[in-house]
Amino acid sequence: MFGWKKKLNGLFDFDQFNDLTVQLRPDLSRESLGVGPDFPGVAPNPLLSSDARKRNAELRTGALALGVLVDWREVNSNPRVVLMFDVETAGGRSFRGIADEDLTITELTRLAPGQTLPVRYRLAVMDHYVALARDADPAHVQQLSDEIASRKRA
């Protein structure tokens, strides 16, 4: 029993798992989400994935950026959704960001493409994962918004 996980990792082909996920949910494929081949994918159950738990903890303390909501996909009826953002960072980088979030029904009904929301990302990793920055100080978000807007005007 002690070597079970090691053997499972040695026998389990994660590429086959990703292929199966794409077959079952083509709307969650890398191409459909608009990310490149380096994107690790959406975790089937982030509560059971140690990598997803670690990533989510790092995202809670990540750098602040602004994301314009492009689209979203419901993953389950919790409702767990995958949100797709076009993200602008304070440093001037732009990328497609994917947030895997549990939303309330009220929050879900308020989603609209084109909305600008504060998000957090891992500056050192830059793997397309972002998280909603629900704790962001509105003054800091406004300052970031002004900084990005002034850079676009220049």
Query - Full working for side chain to side chain contact (heavy atoms under 4.5 Å, CB included) between Glu88 and Glu147 - result: CA-CA 11 Å; Glu88 289 267 342; Glu147 183 180 323; over 6 Å; no
Requested in this report: Determine, step by step, whether Leu66 and Val119 satisfy the side chain to side chain contact (heavy atoms under 4.5 Å, CB included) criterion, reporting the C-alpha distance in whole Å, the side-chain angles of both residues, the deciding distance to 0.1 Å, and the verdict.
Outcome: CA-CA 6 Å; Leu66 293 180; Val119 296; over 6 Å; no
Requested in this report: Kindly indicate, with the supporting measurements, whether the criterion side chain to side chain contact (heavy atoms under 4.5 Å, CB included) is fulfilled by Glu74 and Leu108.
Outcome: CA-CA 10 Å; Glu74 287 188 51; Leu108 187 61; 4.0 Å; yes
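Other residues, nucleotides and ligands contribute only 12 or fewer heavy atoms inside 6.0 Å of the CZ atom of Arg93.
Between Gln143 and Asp146, every side-chain heavy-atom pair lies at or beyond the 4.5 Å cut-off. For the pair Arg96/Asp86, a side-chain contact is recorded, criterion being any heavy-atom separation below 4.5 Å from C-beta on. By the 4.5 Å heavy-atom criterion applied to side chains, Thr116 and Ser145 are not counted as neighbours. Side-chain contact between Arg73 and Met84: present, with at least one pair of heavy atoms (C-beta onward) separated by less than 4.5 Å.
Expressed to the nearest 0.5 Å, how far CG of Asp100 lies from CD1 of Ile98 amounts to 9.5 Å. Arg80 contributes atom CZ, which lies 7.5 Å from atom CG of Asp102 (distance to the nearest 0.5 angstrom). Note that CG of Leu64 is 9.5 Å distant from CG of Asp137, once rounded to the nearest 0.5 Å. Note that the OG1 atom of Thr89 and the CG atom of Leu144 stand 8.5 Å from one another [nearest 0.5 Å]. Note: Leu83 CG to Asp71 CG = 9.5 Å, rounded to the nearest 0.5 Å.
A continuous path of ILVMFWY side-chain contacts below 4.5 Å connects Leu111 to Leu132, so both sit in one hydrophobic cluster.
Under a 3.5 Å cut-off, the side chain of Glu101 and the backbone N or O of Val82 do not form any donor-acceptor pair. Without hydrogens or angle criteria, Arg151 side chain to Ala90 main chain gives a donor-acceptor distance under 3.5 Å.
Closest of all the heavy-atom pairs between Val87 and Ala65 is CG1-CB, 3.7 Å. Shortest non-hydrogen contact noted between Leu69 and Ala112 is CD2-O, 3.5 Å. Of all heavy-atom pairs spanning Val141 and Ala136, the tightest one is CG2-CB, 3.6 Å.
A distance of 6.0 Å or more separates the ring centres of Phe95 and Phe85.
Put simply, the residue from Arg122, Arg53, Arg120 that forms a side-chain hydrogen bond (donor to acceptor under 3.5 Å, both in side chains) with Glu58 is Arg122.
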